[in-house]
There are 2 protein chains.
Amino acid sequence: MLSSTVENYLKELFLLDQYGNKEIATGEIAKSLDVTPGSATSMIKTLAQAGLVEHRPHYGVKLTKQGRTLAVHVVRRHRIVELFLVKVLGMDWSKVHEEAEQLEHVVSDEIISRMDDLLGHPSHDPHGDPIPTTDGTLPERPLQLLSFCDRGDSVSIARIGNQNANFLQFAQDNGLLLGARIEVTNRNDIADSMTIHAKGKDVVLGLAAAGRIEVEYA
Amino acid sequence: MLSSTVENYLKELFLLDQYGNKEIATGEIAKSLDVTPGSATSMIKTLAQAGLVEHRPHYGVKLTKQGRTLAVHVVRRHRIVELFLVKVLGMDWSKVHEEAEQLEHVVSDEIISRMDDLLGHPSHDPHGDPIPTTDGTLPERPLQLLSFCDRGDSVSIARIGNQNANFLQFAQDNGLLLGARIEVTNRNDIADSMTIHAKGKDVVLGLAAAGRIEVEYA
DNA sequence: ATTAAACTTTTGACTAATCAAAAAGAATCT
DNA sequence: AGATTCTTTTTGATTAGTCAAAAGTTTAAT
């Protein structure tokens with residue numbers, strides 16, 4: 001059995017590089033997990049020892065097949081728990097990420113499987129993130145960053161890639177929910193901002209914030 | 001925030017003496033938690049330091065008011081989670097104790113409160129154990145140990161005080177479920193056993209096993 | 001009242017995970 | 001190439017929790 005700490009390192013390595021092409025720098029994982037670089041180095045050595053990552057000292061680290069499999073399962077647990085908390089317990093989507101961060105390490109496969117049944121084998125979590133299947137496959141969707149949309153584009157929100165509770169609360173308060181139909185009414189690259197029309201309201205977003213929202217033209 | 005380890009010590013001290021009258025011996029808590037006596041001593045000192053227990057060296061340990069409050073909340077979380085797993089996720093009652101053992105340390109107050117709502121503020125868990133309220137009160141019922149029943153007694157099962165999955169599986173297979181109407185058809189103190197008639201079947205139980213089952217005459 | 005048995009506490013060592021700060025390696029910029 | 005900067009690794013300490021075994025207490029039994 002893996003410790004929560006190990007699971008968090010694996011999960012974070014996976015999230016930093018879903019496709020497993022690039023090597024992750026020690027500093028990057030350290031920053032993501034809010035530990036010092038030295039701590040990350042020593043954990044990476046432990047993971048390499050266990051065959052969960054490949055480490056090229058001074059260059060970076062990469063999940064092995066085995067490590068990736070474990071990581072994907074942590075992500076699956078996380079996302080199913082998130083959706084369960086929203087759909088079954090009626091919790092606010094802005095809070096469930098934090099809760100799932102803890103629960104993902106202790107819920108058994110049986111619990112996950114039953115939640116999955118109860119939810120009808122969902123493909124995406126409350127933030128639009130794909131839920132890996134038991135065999136480790138991730139459903140793919142062709143999405144577009146909202147920050148790349150032009151004035152006049154009419155799209156619907158498919159994913160919010162920012163788990164910060166305040167940001168999610170803000171999004172909710174302004175009608176930026178999954179599936180919401182929105183229109184880009186203005187865009188100003190100099191001012192680094194764009195204006196979105198959603199649910200009868202105008203919302204101004206910085207392009208950085210818009211870059212964390214993904215949409216589809218469908 | 002308390003560590004899982006601390007929560008386990010507090011919970012176990014509470015379960016070993018619900019009423020808070022007697023002092024618990026170091027060896028007793030060590031055995032319950034499956035640690036060496038030395039480990040228990042050192043943790044007890046930590047708990048005493050934190051004001052959660054009173055320790056009379058060489059005699060025993062007792063929860064303080066503060067320690068008891070925290071312990072009761074762990075027990076509440078445990079029991080609500082158990083019932084939730086059975087009622088909402090449809091899990092087997094023989095397995096939920098183990099699951100709850102992990103979950104009790106990470107579920108937030110909000111999750112517990114929503115589970116409690118969904119379950120309709122239940123008073124007892126799937127094993128018949130009382131669920132403490134938020135203010136720390138435990139519902140009381142006048143129960144009788146099955147092992148004290150005489151031949152001919154007709155009673156109903158109210159509580160199974162043995163969380164072992166195999167025992168619970170056995171109980172289930174033999175119709176010894178909560179609320180089941182049973183009759184004591186025989187009792188042999190020499191052979192240390194009794195025979196119970198439940199759901200058309202006869203079941204022979206050792207008195208030790210019967211001592212972990214509580215019944216009411218109602 | 002001594003001795004033995006049972007139990008508790010102390011001691012020293014270990015593991016996992018962390019940090020701070022020093023040392024080493026790689027990259028960049030003249 | 002040489003010096004500076006940035007990043008990574010190493011080193012040494014620290015904390016929580018554990019165990020094994022030695023030492024100390026209490027209780028019980030002769």
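Excluded from the calculations below are hydrogen atoms, water molecules and symmetry mates; all remaining heavy atoms, backbone and side chain alike, are included. Proteins come first, then strands; the chains are lettered A, B, ... in the order of their sequence lines, and each starts at number 1. Computed from a predicted model, the values in this text were never measured in an experiment.
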Indicate, with a heavy-atom threshold strictly under 4.0 Å, whether [X] touches base, sugar-phosphate, or nothing.
| X | answer |
| --- | --- |
| Gly27(B) | sugar-phosphate |
| Ala25(A) | sugar-phosphate |
| Ser3(A) | sugar-phosphate |

Just the rounded figure in Å: distance from [atom2] of [N] to [atom1] of [X].
| X | N | atom1 | atom2 | result |
| --- | --- | --- | --- | --- |
| Lys31(A) | dT8(D) | NZ | C1' | 14 Å |
| Asp34(A) | dT18(C) | CG | P | 11 Å |
| Leu33(A) | dA16(C) | CG | C1' | 16 Å |
| Leu47(A) | dT18(C) | CG | P | 11 Å |
| Leu2(A) | dA16(C) | CG | P | 13 Å |
| Ile29(B) | dT9(C) | CD1 | P | 13 Å |
| Glu23(A) | dT7(D) | CD | P | 17 Å |
| Asn8(A) | dA17(C) | CG | C1' | 12 Å |

Ignoring the backbone of [X], work out which of [options] is nearest its side chain.
| X | options | value |
| --- | --- | --- |
| Lys45(A) | dT8(C), dT10(D), dA17(C) | dT10(D) |
| His58(B) | dT26(D), dA20(C), dT18(C) | dT26(D) |
| Pro37(B) | dC19(D), dT9(C), dT18(D) | dT9(C) |

Would you call [X]-[Y] a salt bridge at under 4.0 Å N-O?
| X | Y | result |
| --- | --- | --- |
| Arg77(B) | Glu104(B) | no |
| Asp17(B) | Lys62(B) | no |
| Asp189(A) | Arg187(A) | yes |

Phe84(B) and Phe84(A) aromatic ring geometry - parallel, tilted or perpendicular at 30°/60° bounds: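 Rings of Phe84(A) and Phe84(B): perpendicular, as their planes differ by over 60°.
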OP1 or OP2 of [N] sitting under 4.0 Å from any side-chain N/O of [X]?
| X | N | value |
| --- | --- | --- |
| Ser39(B) | dT18(D) | no |
| His55(B) | dT8(C) | no |
| Thr26(B) | dT9(C) | yes |
| Tyr9(B) | dT18(D) | yes |
| Tyr59(B) | dT27(D) | yes |

DNA chain C: 5'-proximal contact among Pro57(B) and Thr5(A) (nearest heavy atom):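 So the residue in question is Pro57(B).
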Value rounded to 0.5 Å, distance of CG in Asp125(A) from CZ in Arg159(A):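 So the CG of Asp125(A) and the CZ of Arg159(A) are separated by 8.5 Å.
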